[in-house]
Amino acid sequence: MRGSGGGPRLMLRRLRGLMADEISPQERLDQITTIVAANLVAEVCSIYVLTGDGLLELYATEGLKREAVHKTTLRLGEGLVGLIGQEAKPLRLADAQHHPSFAYKPETGEEIYNSFLGVPVLRGGQTLGVVVIQNRTRRVYEDEELEALETVSMLLAEIIASDELEGTAQTSSMLALQRPFQAKGFILSEGLGLGHAVLHEPRVVISLLIAEDPEVELERLEEGLGKLRASLDSLIEADELQLVGEHREVLESYRMFAHDQGWARRIREAIRSGLTAEAAVERVQNDTRARMLRQTDPYLRERLHDLDDLANRLLRELVGWTGPTLELEDGRDIILIARSMGPAELLDYDRSRLRGLVLEEGTPSSHVTIVARALGIPAVGQVPGILDMVRPGNPLIVDGLSGDVHLRPTSDVEKAYADKVRLRATRQARYAELRDTPAITKDGVPISLLLNAGLLIDLPSIQEAGADGIGLFRTELQFMVSAKLPKTGEQSKLYAQILDALGDHPVTFRTLDVGGDKVLPYLRLHQEDNPAMGLRAIRLALDRPGLLKTQTRALIRAAAGADLRIMFPMITDMSEFRSARKIIEDERERAIARGREPPRSIRTGAMIEVPNLLFQLDTLVTEADFVSVGSNDLLQFMFALDRTNTRVADRFDTMSASVLRALKSITDAGDRHGKSVTLCGELAGRPLEAMALLGLGYRAVSMAPSAIGPVKSMLLALDVGALSREMDEWLDDGATDIRARLAAFAKRHDIPL
Ligand code: PEP
Ligand code: MG
């Protein structure tokens with residue numbers, strides 16, 4: 001360190017004192033320039049602030065002409081200051097005047113200064129301003145001076161972000177944070193929710209920037225890093241959590257960063273420059289963000305999320321954050337916001353106040369989505385940037401019917417939604433009144449309305465819905481939401497609880513349907529290019545019969561003395577059905593041989609999800625005790641449309657003649673052989689589509705609990721005989737507008753859809 005201006009340590013002490021003074025923001029900036037210039041032995045210290053017009057304006061200076069303050073401006077990219085602002089990188093020059101970017105601003109009188117050190121003022125990777133020191137002599141500023149100026153820039157970021165200065169870009173973006181904001185995402189779970197934002201893992205707000213004692217801060221950092229690494233190690237290495245695939249990759253990359261000596265070293269350096277451990281983590285993250293935001297490689301930009309998460313985890317370790325409990329104390333309705341979250345974390349929140357969920361990521365098949373749906377919590381996913389726009393406590397509306405998210409809605413929007421919610425509640429109350437009304441069409445045809453379920457948390461809604469039983473129990477959900485493979489006893493317990501709760505009503509258990517988009521993190525599977533058509537569902541079960549055997553054992557144990565219905569997913573060929581049924585029979589005999597009471601009856605069925613089965617229906621229906629159409633997969637494969645790809649989701653009409661003919665061929669086969677046919681895909685839960693299914697001869701349909709009411713009110717008004725006759729004609733005539741005809745039929749006959 002040259003000269004004897006006091007050095008960075010003393011400077012920081014003075015600046016800390018200054019931050020506590022009751023002075024105007026402008027005075028604070030002025031005094032900062034004086035203190036910095038004096039302590040770093042610079043002839044000039046200037047602060048440029050990014051204005052709402054996108055210009056870097058000279059806000060304060062020591063050494064340049066005072067008249068230039070609030071007059072001199074530079075565009076981003078213009079001059080050295082503009083370059084720093086644009087690239088968000090420091091610049092250190094011994095001979096600034098000969099740098100190609102040097103821009104001469106006569107009003108400042110800076111032509112006599114040669115050496116130059118400038119540092120961006122950053123927040124969240126965005127430039128808020130630039131701070132510069134200059135000297136006449138051609139000198140190269142030392143690392144210590146650069147670090148000191150970077151610390152000053154953090155203080156400046158606090159001042160600028162505090163919204164006290166007028167005219168800054170920050171003020172405009174602060175204003176944006178008060179304005180209504182609307183985004184469209186992807187519907188994960190249907191419904192409407194109004195409430196106040198709670199951030200699942202909020203960014204830690206740092207209140208103390210400058211450290212009393214760097215040694216103490218270094219110790220705190222080591223302790224925080226130790227805890228962070230230990231928590232990641234235990235997540236990855238815990239015996240029961242043999243993660244694979246994406247989860248593991250993300251955690252592995254976290255662990256790699258957490259052990260990265262470069263990262264830790266940069267944080268330590270920042271602490272040595274005078275920052276608290278938290279501020280040092282934030283500063284390093286700011287720099288990383290700034291660098292990565294300018295990356296064009298999407299993979300690297302994506303990694304920024306991981307680094308942000310990691311830095312935030314470390315900050316939480318440092319401040320000892322224990323969860324969003326405080327924010328939840330005020331008793332208001334909650335809309336939860338997260339980048340992504342696990343199913344168990346969602347279950348940790350108070351269900352009675354949780355009105356909605358918004359995720360920056362999240363896909364329809366993610367586990368948290370499954371749980372949100374089971375709990376009936378409206379959820380919208382794939383809303384990038386929502387975390388940057390939301391502040392804790394902001395009013396928020398989640399529209400899980402359109403995919404819209406309204407943040408800080410205007411009173412008009414809020415009112416419109418409040419009305420909608422009321423209307424839905426009235427409708428729901430009407431459906432509730434239908435609960436005990438038998439599901440019989442207007443022309444006297446009884447219809448079996450069944451439920452799709454898969455978790456214990458489904459039970460209350462099963463009881464509320466007034467359905468005839470469970471048409472599809474997705475057993476994989478228990479596997480998907482738990483951290484390790486559920487033991488036979490645990491599986492059996494769940495099945496027994498379900499059977500007990502349903503009493504005399506039938507329950508159809510579907511054996512494990514994993515693979516494809518249903519990932520079990522602890523089950524090591526090969527990476528596949530086309531997992532939907534890969535080693536999944538019954539294919540996996542037959543290749544690794546251990547899983548199916550234990551599951552069957554659990555089912556047989558749970559259904560001792562009762563009727564048991566089991567069906568297999570994704571059957572493609574009869575040989576698979578036969579092999580799977582053989583496993584069931586063997587397990588039944590095994591139970592008897594061991595003196596266990598077997599189920600009173602075991603019925604085995606196949607799901608029709610692969611078009612190949614459509615061409616062996618007679619054999620299938622003869623051999624199977626029942627069949628159930630999985631229209632989600634069947635349509636995916638008929639149309640060659642990835643069901644998880646939102647870009648192609650609505651490309652073809654599911655009510656086209658080809659689909660209806662295929663669906664009809666199944667009920668026809670059922671009728672020929674006197675076998676029961678149900679349909680348990682999403683089609684069954686939409687009133688118009690469900691009406692068409694009844695018209696095609698389906699007499700049992702299985703759906704989400706919330707769909708029972710609307711479907712029942714549709715069928716009570718339906719003359720299914722008349723519809724069947726019309727539909728036969730449409731199919732014979734090769735009609736191309738069947739959806740419209742169905743809607744017109746409903747309208748004509750006053751059928752609520
Ligand atoms: C289907 O494919 O229609 C079905 C009911 O199964 P899942 O949605 O669980 O794949
Ligand atoms: Mg399926």
Exercise: do [X] and [Y] side chains pair donor with acceptor under 3.5 Å:
X: S402; Y: D399; value: yes
X: R539; Y: T572; value: yes
X: Y431; Y: E464; value: no
X: T678; Y: S628; value: yes

Can you check side-chain hydrogen bond (donor to acceptor under 3.5 Å, both in side chains) on R373 and S189, steps first, answer last?
-> CA-CA 5 Å; R373 254 188 241 145; S189 172; 5.3 Å; no
Step through the shown structure and confirm whether more than 12 heavy atoms of other residues, nucleotides or ligands are within 6.0 Å of [atom1] on [X].
X: R748; atom1: CZ; result: yes
X: E623; atom1: CD; result: yes
X: K549; atom1: NZ; result: no

Which pair of heavy atoms, one from [X] and one from [Y], lies closest together, and at what distance?
X: G454; Y: L494; result: O-CD2, 4.4 Å
X: I538; Y: A580; result: CD1-CB, 3.8 Å
X: H200; Y: S340; result: CD2-O, 4.4 Å
X: T667; Y: L696; result: OG1-O, 2.8 Å
X: R643; Y: D633; result: NH1-OD2, 3.0 Å

Evaluation steps, side chain to side chain contact (heavy atoms under 4.5 Å, CB included), between F473 and M567 = CA-CA 10 Å; F473 191 85; M567 69 178 172; over 6 Å; no
Output yes when [X] and [Y] qualify as a salt bridge under the 4.0 Å nitrogen-oxygen rule, no when they do not.
X: R739; Y: E689; result: yes
X: R339; Y: E360; result: no
X: R672; Y: D618; result: yes
X: R536; Y: E528; result: no
X: D404; Y: K184; result: yes

Using the six-membered ring of F626, assess whether NZ or CZ of R603 lies under 6.0 Å from its centre and within 45 degrees of the ring axis.
-> no
With I397 as partner, the option from Q182, R355, H406 fulfilling side chain to side chain contact (heavy atoms under 4.5 Å, CB included) is H406
Not counting sequence neighbours, which residues clear ring pair (Phe, Tyr, Trp, His ring centres under 6.0 Å) with F181? List them please.
-> none
Judged by atom type as modelled, is there a donor-acceptor pair below 3.5 Å linking the side chain of K712 to the main-chain atoms of L434?
-> yes
